[in-house]
Amino acid sequence: MSSRQVTEFSAFSRDFFPNMPFFETVRLALVRHPVGVHSLAAPANEQEFAAFVARVGGSVPPLVREFWATWNGGTLFHEAVCLHPVQDIERADSGWLCFGESSDGVLWLSGEGRVVLVQDETHDPLVAGSDFGVWLDITTAREALLLDEEGEFRDVFDDDDGTLKPSIQRKRTMLGRKRDPHASLYLFELAEIELEHGRSELAIAHLQNAVSQDEHAGPAWALLASLESQAGRAKEAAFAMKQAAAATLDPSLRAQRLLEAALFTADAAEQEMLLDSAVSIHPELGANLVSVLRRQLAEGQMADAKQVLARLRCLGARIQNGAGEELAVLERECRTRDALRVLS
């Protein structure tokens with residue numbers, strides 16, 4: 001379909017259906033690209049909706065209900081976005097609705113109706129949309145930047161590593177930032193872009209903006225803590241890492257971040273409290289780190305091994321299940337390798 005026909009279709013849809021959510025950006029994508037680029041299912045019926053609401057409990061935002069009453073899930077942009085049918089939408093451990101996946105991560109709908117992006121392995125949220133409609137418009141616009149009208153990818157990938165070109169990354173990020181200035185995801189992406197160019201203070205500014213908009217933005221807090229530490233601001237780093245620990249919904253990750261905060265803090269009493277909290281949340285934390293240290297030494301990753309060793313020393317007697325004895329052996333091995341490296 002030509003750009004003129006797309007414009008006429010858009011005007012027709014607004015005039016003919018003035019009082020209903022038309023999901024215009026999705027419909028335009030459907031008519032702009034050939035069959036196969038997108039695949040959306042037939043609407044969910046009332047029985048399916050009733051079963052869905054009974055299964056998940058709670059209320060469903062009207063706009064979300066309207067979308068699934070229009071299409072019962074499907075895929076967009078060569079499966080870059082996958083939306084579950086109502087039969088497969090479940091409540092995650094967080095209590096939020098897991099309604100799909102994207103190339104960036106798993107998609108949840110919070111109790112306030114915001115779209116939240118989390119990584120599959122760790123439940124560490126970033127807001128990708130202040131509501132479902134805003135997220136849908138941003139996502140279709142961001143993905144549309146990558147495809148031409150034939151559904152083929154434009155010249156958007158780097159020839160060396162296959163990642164998106166920096167100019168395209170920034171354009172996608174700025175598009176999200178402009179359309180939803182309160183979403184922490186796009187500020188986090190801006191921070192990552194600045195870091196790639198060595199502009200850490202600009203990255204810190206974006207991250208501070210992100211956490212001021214979204215105090216539960218765990219990845220933003222964690223990256224901010226790391227950058228503050230690198231800048232020599234230990235107090236600020238400790239505060240940010242404690243906020244990162246509070247933000248994540250993953251107990252294991254929360255314990256790791258409390259341990260990191262303990263490393264940053266100069267207050268002995270607070271350090272002890274943080275370490276006690278980390279171990280109470282995740283009693284196997286020390287034993288798991290000993291396993292990581294063993295693997296890193298076996299693979300010759302000495303720099304990483306020294307960082308893990310510092311964390312284990314901080315935990316001290318809190319290491320459980322006999323892992324302390326193995327730690328002593330691994331620590332001697334680490335010292336021996338260091339001595340051999342100096343002699344060589």
Looking at [X] and [Y], what are the two nearest heavy atoms and their distance?
X	Y	result
Leu164	Gln169	O-NE2, 3.4 Å
Pro34	Gly151	CD-N, 3.8 Å
Arg311	Leu259	CB-CD2, 3.8 Å
Arg318	Asp276	NE-OD1, 2.8 Å
Arg257	Thr248	NH1-CB, 3.7 Å
Thr139	Val81	CG2-CG2, 3.5 Å

Determine whether more than 12 heavy atoms belonging to other residues, nucleotides or ligands lie under 6.0 Å from atom CD of Glu331. yes
Taking CD in Glu112 as the centre, count heavy atoms belonging to other residues, nucleotides or ligands within less than 6.0 Å. Is the count above 12?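 Result for CD/Glu112: enclosed.
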Using only atom types and a distance under 3.5 Å, with no angle test, would you say the side chain of [X] pairs donor to acceptor with the backbone of [Y]?
X	Y	value
Ser277	Met273	yes
Gln307	Asp304	no
Arg114	Ser130	no
Gln119	Asp104	yes

Side-chain donor-acceptor pairs under 3.5 Å in residues 233-247, sequence neighbours left out?
from	atom 1	to	atom 2	distance (Å)
Arg233	NE	Glu228	OE1	2.5
Arg233	NH2	Glu201	OE2	3.4
Arg233	NH2	Glu228	OE1	2.9
Lys242	NZ	Glu270	OE2	2.3

Can you tell me how far apart [atom1] ([X]) and [atom2] ([Y]) are? Round to the nearest 0.5 Å.
X	Y	atom1	atom2	result
Arg177	Ser184	CZ	OG	10.5 Å
Trp71	Glu66	CH2	CD	11.0 Å
Asp155	Lys165	CG	NZ	3.5 Å
Glu24	Thr140	CD	OG1	10.0 Å
Ser212	Leu207	OG	CG	10.5 Å
Glu101	Thr75	CD	OG1	12.0 Å

For His38, which residues count as a ring-ring contact (aromatic ring centres under 6.0 Å, His included) partner, sequence neighbours excluded? His33, Phe77
Are [X] and [Y] side-chain neighbours, meaning at least one heavy-atom pair lies under 4.5 Å?
X	Y	value
Arg172	Leu146	yes
Met302	Leu297	yes
Leu327	Leu309	yes
Tyr186	Ile138	yes
Ser252	His282	yes
Val279	Leu315	yes
Leu107	Leu117	yes
Arg91	Leu97	yes

ring-ring contact (aromatic ring centres under 6.0 Å, His included): which pairs involve residues 123-154, sequence neighbours left out? Phe67-Phe132, Trp68-Phe132, His78-Phe153, Phe99-Phe132, Phe99-Trp135, Trp108-His123, Phe132-Trp135, Phe153-Phe157
State yes or no: do [X] and [Y] share one hydrophobic cluster built from I, L, V, M, F, W and Y residues joined by side-chain heavy-atom distances below 4.5 Å, directly or via other members?
X	Y	value
Leu227	Leu187	no
Leu76	Val115	yes
Leu312	Ile281	no
Leu263	Val308	no
Leu40	Val37	yes

Starting from the C-alpha separation in whole Å, work towards a yes-or-no answer on side-chain contact (heavy atoms from CB on, under 4.5 Å) for Leu190 and Arg170. CA-CA 7 Å; Leu190 278 176; Arg170 181 174 286 276; 4.2 Å; yes
Assess whether side-chain hydrogen bond (donor to acceptor under 3.5 Å, both in side chains) is satisfied between Thr163 and Asp161, documenting all intermediate values. CA-CA 6 Å; Thr163 60; Asp161 57 13; 2.7 Å; yes
For side-chain contact (heavy atoms from CB on, under 4.5 Å), just list the numbers for Ser103 and Glu143, CA-CA rounded to whole Å, side-chain angles, deciding distance to a tenth of an Å, and then say yes or no. CA-CA 10 Å; Ser103 54; Glu143 294 300 329; 4.0 Å; yes
Using the rule given for side-chain contact (heavy atoms from CB on, under 4.5 Å), can you reason through Leu175 versus Lys171, listing the C-alpha separation, both sets of side-chain angles and the distance that settles it, and then say yes or no? CA-CA 6 Å; Leu175 193 155; Lys171 188 177 293 186; 5.8 Å; no
Determine, stepwise, if the pair Glu46 / Arg65 fulfils salt bridge (Lys or Arg N to Asp or Glu O under 4.0 Å). CA-CA 11 Å; Glu46 286 300 320; Arg65 185 183 179 92; 3.6 Å; yes
Verify side-chain contact (heavy atoms from CB on, under 4.5 Å) between Leu223 and Leu195, making sure each step is shown before the conclusion. CA-CA 11 Å; Leu223 182 55; Leu195 280 180; 4.0 Å; yes
